[in-house]
Amino acid sequence: MASYKTNDFRKGLRVEIDNEPYLMIEMNFVKPGKGNALYKCKLRNLIRGTVLDRTYKGGDSLEAADVEEIDCQFLYRQTDTFYFMNNSDYDQYELSEEQVGDFWKYLKEGMKCHAVLWNGNPITITPPNHVELTVEFCEPGAKGDTATNVTKPVKVETGAEIICPAFIEMGNVIKVDTRTGDYVERVNTK
Amino acid sequence: MAYLIITNGLDQGQLFELPEGKHILGRDEKAEIHIDLSAVSRKHASFEVSATRTVIRDLASSNGTLVNDSPVSDSIELINGDTIQIADLVLQFFASAEPKAAKAQTQNLNQFQSTATVETLKARSDLMKLLRACFYDAGFHEVETPMLSADTVVDRYLHPISVDLASQNYWLQTSPEFAMKRLLSSGMDAIFQVCHAFRNEEAGQFHNLEFTMVEWYRTGDSTDQAMDFLGQLAMSMLGYDEFDKLSYQSAFQAILQIDPLSITEQELVEAIASLDFETPVDWRGLGKDDWLDLLLTEFVQPRLGLERPCILYNYPASQSALARLHPEDERVAERFELFVQGIELANGYHELLDADELQKRNLKTNALRQLDDRTLLPSDSYLLSAMRHGLPDCCGVALGFDRLAMLALGKSSIDQVIPFPFDRA
């Protein structure tokens with residue numbers, strides 16, 4: 001397998017440490033006048049998101065990680081398993097709810113997502129920042145209640161509960177920010 | 001897919017995707033293109049993207065929107081490559097491209113620019129003038145020696161760049177040391193040089209592969225005299241009234257309660273284990289000097305020169321490089337370094353004059369380089385002949401001008417004082 005020598009170390013490098021993939025998020029080159037160079041690195045675990053501090057000396061090396069970023073599509077969910085398809089080679093991947101993360105509740109069939117593959121297997125999936133979802137259930141708003149500072153919870157087609165302004169009705173399509181779970185705006189569907 | 005890419009300022013290179021639909025650019029947190037600048041209105045402009053065209057509309061913003069330098073009165077269709085200016089921010093529009101290609105395109109557009117501001121480059125020039133005046137006033141002569149030479153400094157951790165010319169190996173100089181000493185052997189007595197030095201594999205906040213070095217030699221100087229000249233120079237260049245001198249041994253004793261000269265390697269490793277710091281992952285092959293270097297870099301150096309410039313002197317004999325050993329204490333070499341604000345600025349020696357000793361050190365260094373799997377460097381050189389002919393008793397100092405400029409101008413990294421760092425050289 002390919003490896004990187006300290007001379008190749010830079011931000012953005014994807015490496016393997018203790019059989020896990022890491023992204024080099026910071027690299028500081030330190031060298032005393034006449035001594036050996038030190039490479040002080042911060043590495044983010046691409047599976048767990050934890051950050052590791054490691055110092056290497058000139059001449060050390062790290063294994064390169066086979067990490068690839070792809071566009072994919074959410075196909076469907078079967079109980080706790082989520083199925084995705086690679087848009088370029090139509091490979092299918094199965095992910096557990098835990099692997100997908102909190103945003104599973106915004107996933108709609110056919111939705112385009114971004115995935116990171118390690119040795120050909122997906123390790124993280126990122127949805128688009130904004131998704132459009134249909135309101136499936138909500139309490140009716142009081143007539144004439146058009147102010148945006150009055151809010152209520154609504155349930156959307158994927159099962160997520162979103163806090164919306166009171167004027168949102170059943171059947172409306174709303175835009176939701178998947179990073180925060182916040183309501184963004186009502187989408188005109190005509 | 002269409003894209004917008006920021007092409008100036010701190011967020012340079014940030015890319016926004018414009019899928020089909022309507023997108024708002026503004027300071028509002030809910031804006032799809034969220035720009036957190038006070039001069040940007042909450043809802044500043046919108047982009048209406050269809051399969052074939054993209055229209056930008058100014059949403060009655062307070063400071064307006066410019067497309068290719070003309071204000072947008074209501075809306076205008078964007079074409080590939082248009083620049084959009086919103087307050088101080090410049091964005092470029094790409095009608096349809098792969099994001100990576102679009103990004104590479106904008107990066108290339110901006111790579112011609114200096115990373116140092118015009119103001120900084122002018123201030124740097126003033127500093128250089130002041131520096132030269134300090135040397136001329138002290139009676140030095142400026143010299144110029146080859147940057148490309150058949151000789152090179154033999155050091156375990158310096159990696160010179162070799163250039164093949166006329167079936168011979170030449171080296172870009174890691175410092176002009178050898179040639180300047182040849183000038184002393186040829187009869188010059190007080191010389192200085194401002195030149196570029198090349199050290200492969202060195203890149204970082206305080207390192208650039210090619211950097212500006214100021215190096216000087218004066219015959220007859222004692223180590224004390226050489227340190228005084230260096231201290232005075234640092235004072236005039238950086239505006240201090242005094243400087244400190246501190247021995248390597250006392251610095252380690254004061255900061256780490258370790259005597260670097262008498263401690264054994266075993267004791268040193270134990271002492272390090274009790275300290276809170278990240279040691280290299282692979283400890284194999286580290287010797288006592290490597291451990292001392294680690295401690296110097298991590299604990300001692302950050303505390304040197306905080307109030308005023310500090311010269312650390314009497315380095316361990318094992319780290320003598322090209323310095324002579326101290327005649328009264330063979331455990332140390334007459335080597336010194338200048339630190340300001342925890343940053344290493346200069347390295348000086350009371351120079352080694354003994355050709356045989358130099359050759360011995362070169363052979364030892366080459367053996368260590370072989371151990372490290374590094375190219376062997378020529379152990380024979382014009383310098384050895386010069387030393388056999390007779391090198392006068394002298395002191396020499398090399399100072400990194402970029403770092404000096406960085407400190408003098410209050411910058412935090414050397415690419416702020418170098419116009420074209422190696423990645424855009």
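Computed over heavy atoms, backbone and side chain alike; hydrogens, waters and symmetry mates excluded. Chain letters run A, B, ... following the sequence lines, proteins first, then strands; residues in each count from 1. These numbers were taken from a predicted model, which means no experiment stands behind them.
Within residues 337-345 of chain B, the residues having any heavy atom closer than 4.5 Å to a heavy atom of chain A are B/Glu337, B/Glu344, listed by residue number. Residue-level contacts of residues 73-84 of chain A with chain B do not occur; threshold 4.5 Å between heavy atoms. Scanning residues 34-48 of chain A against chain B with a 4.5 Å heavy-atom cutoff picks out A/Lys34, A/Gly35, A/Asn36, A/Leu38, A/Tyr39, A/Lys40, ordered by number.
Around the CG atom of B/Asp373, the shell of radius 6.0 Å holds no more than 12 heavy atoms that belong to other residues, nucleotides or ligands. The number of heavy atoms from other shown groups lying within 6.0 Å of CD (A/Glu97) is above 12. Within a 6.0 Å sphere centred on NZ of A/Lys108, heavy atoms belonging to other residues, nucleotides or ligands number more than 12. Within a 6.0 Å sphere centred on CD of A/Gln92, heavy atoms belonging to other residues, nucleotides or ligands number more than 12. B/Phe422 CZ: 12 or fewer foreign heavy atoms inside a 6.0 Å radius. More than 12 heavy atoms of other shown residues, nucleotides or ligands fall within 6.0 angstrom of atom CD in A/Glu185. Dense packing is recorded around NZ of B/Lys288, with more than 12 heavy atoms of other residues, nucleotides or ligands lying under 6.0 Å away.
Interface remark: B/Arg335 contributes side-chain atoms only to the contact with chain A (heavy atom separation under 4.5 Å). B/Asp289 does not touch chain A: none of its heavy atoms, backbone or side chain, sits under 4.5 Å away. For chain A, the nearby part of B/Asn347 is the side chain; its heavy atoms alone come within less than 4.5 Å. Contact annotation for B/Glu32: both backbone and side-chain heavy atoms come within less than 4.5 Å of a heavy atom of chain A.
For the atom pair CG (B/Asn200) and CG (A/Asn7), the distance works out to 6.5 Å, reported to the nearest 0.5 Å. In this structure, CG on A/Asn28 lies 11.5 Å from NE2 on B/His207, to the nearest 0.5 angstrom. To the nearest 0.5 Å, the span separating CG on B/Asp423 from CZ on A/Arg10 amounts to 12.0 Å.
Residues passing the side chain to side chain donor-acceptor pair (under 3.5 Å) test with A/Asn172: none are found, sequence neighbours excluded.
Highest contact tally toward chain A, considering only B/Glu201, B/Gln301, B/Lys30, is held by B/Glu201 [criterion: heavy-atom pairs under 4.5 Å].
Of all the heavy atoms in A/Lys175 and B/Lys22, the pair that sits closest is NZ-O, 4.4 Å.
Taking the charged nitrogens against the carboxylate oxygens, B/Glu202 and A/Lys31 do have a contact shorter than 4.0 Å, which makes a salt bridge.
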